[in-house]
Structures are given as C-alpha cells and as structure tokens.
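Take a look at the structure below.
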Amino acid sequence: VIEQDPAYTATFVLPDLVSEEMDMEELEKAGVNTEHVERLNSVRTGHAIIQVIPKGQNSIIISGGANRELTKEYIDRVLDALTPDDMLLLQNETNLIAYTIDSAAARGIPVAMNVAPIDENVGSYPLQKLRWLVVNEIEGAGLAGGKTFEETMGNLAAAYPGVGIVLTLGSEGVHFRDGGRDIRMGCAKVPKVVDTTAAGDTFLGYFLAGILQKLDPAAALEIGRAHV
C-alpha cells in the first residue's frame with residue numbers, strides 16, 4: 001500500500017458545467033487537491049471521445065478546450081507552489097508544454113511527461129530536461145526511431161541521456177531504463193480484456209507514487225503493473 005501526500009490537479013475548466021462539478025467532487029473525494037483549478041467563462045472544458053472495440057482496444061478523439069488556454073502567469077503561479085520534493089506530471093493535452101518544462105526545470109522541480117497524444121510538436125519540446133519520459137511503442141518510435149522496442153529504447157536513451165525512460169508495451173508489459181538500471185517486466189494477465197482506457201494512466205500514477213515514496217524502480221513498476 002502506498003501512502004502519499006495529496007495529488008494536485010491544475011487546469012482551466014468551464015464553470016457551471018454539470019459534468020465538471022461532478023468530476024471536481026469525485027476528485028476531492030479521492031483526496032486530490034483542486035485549489036489550482038480555475039474557471040474560464042469563454043471556453044468549454046476539455047474532453048475526450050473514446051471508442052472501444054470488442055477486444056478492448058480504444059481510439060480517442062480529444063477536444064482540448066480550456067486545457068489549451070493555459071497562460072504563462074498561471075503556470076508560474078502553480079509552479080511556485082511546488083518544491084523539488086514534488087513531481088510535475090504532464091501530458092500532451094495542454095498548451096505551453098515547452099514553457100512548462102523549462103520553468104519547472106529552472107526551479108529544480110522534477111518533471112514526468114507522458115507524450116500522448118503524440119503530435120508533430122513533441123520533438124521540439126525540451127525533453128532532455130525531463131526526469132521521466134513515458135511513451136508507448138508507437139510514440140517512442142515516432143520520437144527516436146526503431147524497428148523493435150529494444151532498438152527504440154536504445155535510441156531514446158541515447159537521445160535523452162539522464163532521463164529515465166518508461167516504454168510501455170501493451171500486453172507485453174514495460175521496458176524501463178534509467179542510468180545503469182534496465183528492467184523488463186511483463187504484463188499482469190487477466191482472463192478477458194474489456195477496456196484498455198486509462199490503463200497506462202493508472203500504471204503511471206502508481207509508478208510515480210512509488211518513486212515519490214523512494215521505492216526502488218522495480219518495486220514501483222511492480223505496483224503499477226499490479227493495479228492496471
């Protein structure tokens with residue numbers, strides 16, 4: 001069991017939206033601090049349309065909405081509330097990603113980034129300033145090339161030295177590399193896959209919580225795998 005200080009979520013949302021209010025209530029019930037969530041009057045809350053096939057795989061269409069209206073002033077205000085003992089988790093669903101990474105790095109705040117959904121802008125981000133880079137096979141190959149996941153991992157490690165790489169492999173598990181540590185871990189098996197939506201997010205959340213608890217990376221990976 002991981003005991004962890006409350007997570008903070010920071011973004012913009014549309015006020016008076018029923019689903020947004022319900023989401024906020026659920027987050028707060030789960031112990032997530034929402035004090036940095038701000039309301040906009042002009043742009044709808046970001047959302048996703050998720051399509052799932054019978055085998056459990058999904059296709060996701062994202063509408064960025066208010067998530068892509070962040071300002072430098074807002075980002076600085078949130079970062080000023082963090083310390084180097086915290087960790088900033090980013091996903092490629094907001095604007096000003098490069099500015100956020102640079103600003104966090106300047107403050108000594110470790111940054112983990114899941115590059116999904118990958119687009120043409122990701123390669124221009126200062127990914128070398130990350131502490132953790134999280135990609136799946138397609139995203140990793142898109143960033144660094146490679147015909148196999150082993151080749152992709154080697155290319156990523158060479159392109160971003162000093163950055164811990166978490167390469168998720170779907171039903172094949174995960175490949176981890178950080179400095180001299182190289183860990184290959186299979187996926188937990190289930191009788192039937194119903195829906196893979198948020199499986200990677202769940203894994204990543206538990207993995208990073210373990211890292212923040214100073215667990216060995218292998219133990220943090222195992223906890224993440226067990227909760228997917």
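In this chain, numbering begins with 1 at the start of the sequence shown.
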Task: Residues that Asp85 engages under salt bridge (charged side-chain N to carboxylate O under 4.0 Å, His left out), provided they are two or more places apart - done: none
Open item on the list: Using the side-chain contact (heavy atoms from CB on, under 4.5 Å) criterion, which residues pair with Glu120? Sequence neighbours excluded.
Closed with: none
Task: Interatomic spacing from CD in Glu139 to CG in Leu133 - rounded to 0.5 Å - done: 9.0 Å
Open item on the list: Contact between Asp80 and Arg107 at the side-chain level, heavy atoms closer than 4.5 Å - yes or no?
Closed with: yes
Task: N/O donor-acceptor pair under 3.5 Å between Arg177 side chain and Ala157 backbone - done: no
Task: Nearest non-hydrogen partners of Gly146 and Ala141, listed with the distance - done: O-CB, 3.9 Å
Open item on the list: Can you tell whether the side chains of Glu38 and Arg77 come within less than 4.0 Å, N to carboxylate O?
Closed with: yes
Task: Check: Thr71 side chain, Tyr74 main-chain N or O, donor-acceptor pair, under 3.5 Å - done: yes
TODO: Answer yes or no: is there a side-chain heavy-atom contact under 4.5 Å between Ile138 and Ile118?
DONE: no
Quiz: residues 160-169 side-chain donor-acceptor pairs under 3.5 angstrom, not counting sequence neighbours:
from, atom 1, to, atom 2, distance (Å)
Thr168, OG1, Val135, O, 3.4

TODO: State the CG-CG distance between Leu215 and Leu221, to the nearest 0.5 angstrom.
DONE: 10.5 Å
Open item on the list: Please enumerate all residues that pass side-chain contact (heavy atoms from CB on, under 4.5 Å) together with Leu89, with sequence neighbours excluded.
Closed with: Ala112, Leu204, Leu208
Task: Euclidean distance, Leu143 CG relative to Leu127 CG, rounded to 0.5 Å - done: 6.0 Å
Task: Any residue meeting side-chain contact (heavy atoms from CB on, under 4.5 Å) with Pro126, in chain and number order, not counting sequence neighbours - done: Ala98, Ile101, Asp102, Gln128, Lys129
Task: Listed partners of Thr83 passing side-chain hydrogen bond (donor to acceptor under 3.5 Å, both in side chains), at least two apart - done: Asp86
Open item on the list: Ignoring hydrogens, what is the shortest heavy-atom contact between Pro110 and Arg131? Give both atom names and the distance.
Closed with: CB-CB, 4.0 Å
- [ ] Determine whether Asn121 and Ile97 make a side-chain contact, defined as any pair of heavy atoms from C-beta on separated by less than 4.5 Å.
- [x] no
Task: Thr94 side chain reached by Arg68 side chain, heavy atoms, under 4.5 Å - done: no
Task: Point-to-point distance, once rounded to the nearest 0.5 Å, from CD1 of Ile75 to CG of Leu70 - done: 5.5 Å
Task: Non-neighbouring partners of Arg181 that pass salt bridge (charged side-chain N to carboxylate O under 4.0 Å, His left out), sequence neighbours left out - done: Asp216
- [ ] Dump the intermediate steps for side-chain contact (heavy atoms from CB on, under 4.5 Å) on Leu96 and Lys72, then the final yes or no.
- [x] CA-CA 8 Å; Leu96 295 175; Lys72 292 181 179 180; 4.0 Å; yes
Task: Nearest-0.5 Å distance, CD of residue Glu28 to CD of residue Glu25 - done: 7.5 Å
Task: Glu137: partners by salt bridge (charged side-chain N to carboxylate O under 4.0 Å, His left out), with sequence neighbours left out - done: none
Task: Under the salt bridge (charged side-chain N to carboxylate O under 4.0 Å, His left out) test, residues paired with Lys29 that sit two or more places apart - done: Glu26
Task: Within-4.5 Å side-chain heavy-atom neighbours: His175 and Asp182 - done: yes
Open item on the list: For a 4.5 angstrom cut-off between non-hydrogen side-chain atoms, does Met113 reach Leu88?
Closed with: no
Task: From CA spacing to verdict: side-chain contact (heavy atoms from CB on, under 4.5 Å), Arg184, Phe149 - done: CA-CA 11 Å; Arg184 175 77 169 85; Phe149 74 82; 3.3 Å; yes
Open item on the list: Gln91: which residues meet the side-chain hydrogen bond (donor to acceptor under 3.5 Å, both in side chains) condition with it, sequence neighbours left out?
Closed with: Glu93
Task: 4.5 Å side-chain heavy-atom contact, Asp76 and Ser103 - done: yes
- [ ] Quick one: which residue pairs count as a ring pair (Phe, Tyr, Trp, His ring centres under 6.0 Å) with a foot in residues 100-141, not counting sequence neighbours?
- [x] Trp132-Phe176, Trp132-Phe207
Open item on the list: Test of understanding: with side-chain contact (heavy atoms from CB on, under 4.5 Å), list the residues that count as partners of Ala144, not counting sequence neighbours.
Closed with: Asn155, Leu156
Task: Interatomic spacing from CG in Leu90 to CG in Asn92 - rounded to 0.5 Å - done: 9.5 Å
- [ ] For Thr152 and Gly145, indicate whether the former's side chain and the latter's backbone hold a donor-acceptor pair under 3.5 Å.
- [x] yes
